[in-house]
There are 2 protein chains.
Amino acid sequence: MRKQDITIYDVAREAKVSMATVSRVVNGNTNVRKDTRERVMKVINRLHYQPNAVAQGLASKRTTTVGLIVPDLTNLYFAELSKGIDDIALLYKYNIIITSIENRLMREDQAIQGLLNKQVDGVIYMSDNLPEEAIEAFKRTDTPVVLAGTKDSHSEFPSVAIDYQKADTEALNLLYNDGRRNLALVLGNPDTVVSAENRIPAYKKFMADHGLGEGHIYTNIKDHSDGYNLLSQLEQDGIDGVIVSRDVTAVGILNSAIDAGKKVPEDLEIITANATQIASVVRPALTAIRQPLYDIGAVAMRMLTKLMNNEEVPEKQIELSYEILKKQSTTNE
Amino acid sequence: MRKQDITIYDVAREAKVSMATVSRVVNGNTNVRKDTRERVMKVINRLHYQPNAVAQGLASKRTTTVGLIVPDLTNLYFAELSKGIDDIALLYKYNIIITSIENRLMREDQAIQGLLNKQVDGVIYMSDNLPEEAIEAFKRTDTPVVLAGTKDSHSEFPSVAIDYQKADTEALNLLYNDGRRNLALVLGNPDTVVSAENRIPAYKKFMADHGLGEGHIYTNIKDHSDGYNLLSQLEQDGIDGVIVSRDVTAVGILNSAIDAGKKVPEDLEIITANATQIASVVRPALTAIRQPLYDIGAVAMRMLTKLMNNEEVPEKQIELSYEILKKQSTTNE
DNA sequence: CTGAAAGCGCTAACAT
DNA sequence: ATGTTAGCGCTTTCAG
């Protein structure tokens, strides 16, 4: 059996209409008389006709496909964002081409170009690392782009995220109210927009405002074992409260503390800034900045559908609200 | 700037060759003289020509796109499989269209049909729930399919997985050697091929072989809270050792035990059968059947590339080796 | 080694 | 309401 043996032409012949009419009924065009529509439908069903989306795409210049650019699918942060995107995409009948860029073989701008070559109708970019080449690639095209769970420096692109500075400040304040004075910030890549322009400035400002000195910012701490190994350094620096950008990293610190016989939160308070499922299943459960990841994805995709339809989008920089989930890794006084 | 302003025709004109020749150099056809190739390349670069993949797909009947069908991206089991698939896909220059079927709006066979309409060159199916309509949809097409991390009842389709029966038996044996006699099996959907034809028979056989009676099989225990709530039942039934099909569920049981003041492994031994990252970051770390998820995905995708090229694939039912990772949720005597 | 020409399967004016 | 006719941008014989 062939991949595609029957075409719109076969249906037209069998139903004794032109292919234009078949096309109309397939696309739900109302300008078809009821009985011809039914006749055509009957033939479609009998022949099991299925439109070739590639041909449709070439002819109509719309592929009903959106591209997703994501650093790493096994990072639940992105997986949860993706789920929100996926659900809305399904609702609006878009397919998703996913491209992960963590792999060294794939640069950001190449990923974008690949998606553009496939003629996607729009793209959602989820990495908080948006290099110059990527920005230029986006500017060269008129295919709409939305950033999800991240922002760009100059707010050139539509985005959906939270107010990272406010969230971090609030988290630092929680630590401060618990009596902690030696506060640290643990980051992965320090050069991303979220780190460099949001978390770090918020941290520095907080420390200055409260007369806590320079503080300690640890960078390039990216996974569980990095976190695990960081503990001795934290001890050495006398840290008693820490904000960690990624939750598996936070869990690494937590496990390291437990294994070393330290008590959390008594000896060290931990707050994770990007909570996923993992933050809540470890014990003690991690106090966290809970970003509405699913919603961020969903809102981003919804905005993209509007952009793809050239609809009005008054607010292009959307900030959703977060909450600070007080769990067991802080005393919450 | 247009989505696609320059076509192969523009390049042909500028380079003073026919579009056939441009097509040849774009596709690396060797039948082009070196200097014409270079001349064409220069024009391509000057004009920033990028081939329209949709047009290529229509003309060549190959889209260099594969479809992925996955129940839930936020389940790390599938995310890790996907990563293996993605890396190999990148290597062979395939794009990936991902479809999740967890959503009630999308049935398995609809997902398949949607992918087929998009003219994917192949599909990888990752759900261990393969309903009859899905089987028929696959049979109706000659687009190759590979099952990853699961199997079908009759081994009709190529698949990459592990020997679930052997793995479960080995895990049960570990519990038995630790002196446990009241062994239970905790499953999500009991009607999948992996559950119904592998885990359950292996469990029943083990219980019978060791004179341990009927045992206890708990079904439809799907997430952390299901696991959490199951504990009281386990206690009631006097269970002292349990195999859990999903690791977040296992963590639910574990946390419930901890919160109830029980000791793991002393009071209850836990082994998770589908270990992901989560199994190793909780404390006590979970003893687990470690499936090589990344490799399963990678091997499945590699096999699919061969199938798509009509290459010989002698072994279509591949079983990769697993290992039993002895951690802290068993005494390991 | 290169070009001409016929599609791939469908949409979208434009007629009627 | 329906049919006719050009393409969409590219690949692929088939000639030469």
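Lettering follows sequence order; numbering is per chain, from 1.
- Atom pair A/R62:CZ and C/dC10:P shows a separation of 18 Å (rounding to whole Å applied).
- Residue contacts shown for A/S60 are limited to sugar-phosphate atoms, with no base heavy atom under 4.0 Å away.
- Contact check, B/S23 against D/dT11: a side-chain N or O comes under 4.0 Å of OP1 or OP2.
- For the pair B/Q56 CD and D/dC10 P, the computed distance is 7 Å after rounding to whole Å.
- Checking D/dC10, D/dT12, C/dT2 against every side-chain atom of B/R33, the shortest atom distance belongs to C/dT2.
- Closest to the B/N27 side chain, of the nucleotides C/dG9, D/dT11, D/dT2, is D/dT11.
- If B/D35 and A/Y9 are placed on DNA chain C by their nearest nucleotide, the residue sitting closer to the 5' end is B/D35.
- Aromatic ring centroids of A/Y125 and A/F138 lie under 6.0 Å apart.
- With D/dT12, C/dG9, C/dT2 as the candidates, the nucleotide lying closest to the side chain of B/T21 is C/dT2.
- Rounded to an integer number of Å, the gap from A/I6 CD1 to C/dC8 C1' is 16 Å.
- Taking the side chain of B/I8 as heavy atoms from C-beta on, and the options C/dG3, C/dC10, D/dT11, the nearest nucleotide is D/dT11.
- Out of C/dC10, D/dG9, C/dG3, the shortest distance to the side chain of A/M19 is found at C/dC10.
- Contact between the side-chain N/O atoms of B/S18 and the OP1/OP2 oxygens of C/dG3 is found at a separation under 4.0 Å.
- The distance from atom NZ of A/K118 to atom C1' of D/dG9 is 15 Å, rounded to the nearest whole Å.
- Annotation: the span from B/D121 atom CG to B/T63 atom OG1 amounts to 3.5 Å, rounded to 0.5 Å.
- Distance B/D10 CG to D/dG9 P: 9 Å, rounded to the nearest Å.
- With hydrogens and angles left out, the side-chain atoms of B/T65 and A/K118 include a donor and acceptor closer than 3.5 Å.
- Closest non-hydrogen pair, B/P144 versus B/L307, comes out as CB-CB, 3.6 Å.
- For the 3.5 Å distance criterion, the side chains of B/T305 and B/N309 fail to qualify, holding no donor opposite an acceptor.
- Nucleotides of DNA chain C nearest to B/L58 and B/V17 differ in position, and the one nearer the 5' end is that of B/V17.
- If you take CG of B/N29 and C1' of D/dC14, they are 15 Å apart, rounded to a whole angstrom.
- In this structure, B/K16 places its NZ atom 12 Å from P of C/dG3, rounding to the nearest Å.
- Taking every side-chain heavy atom of B/N31 into account, C/dT2 is the closest of D/dC8, C/dT2, C/dC10.
- In this structure, B/K34 places its NZ atom 13 Å from P of C/dT2, rounding to the nearest Å.
- Of the candidates C/dC14, C/dG9, C/dG3, C/dC14 carries the atom nearest the A/R24 side chain, counting heavy atoms from C-beta on.
- Of the candidate nucleotides C/dA12, D/dC10, C/dG3, C/dA12 has the atom lying nearest to any side-chain atom of A/A20.
- For A/K61 and D/dG9, the shortest distance from a side-chain N or O to OP1 or OP2 is below 4.0 Å.
- Counting only distance, with no hydrogens or angles, the side chain of A/R39 and the backbone of A/A15 share a donor-acceptor pair below 3.5 Å.
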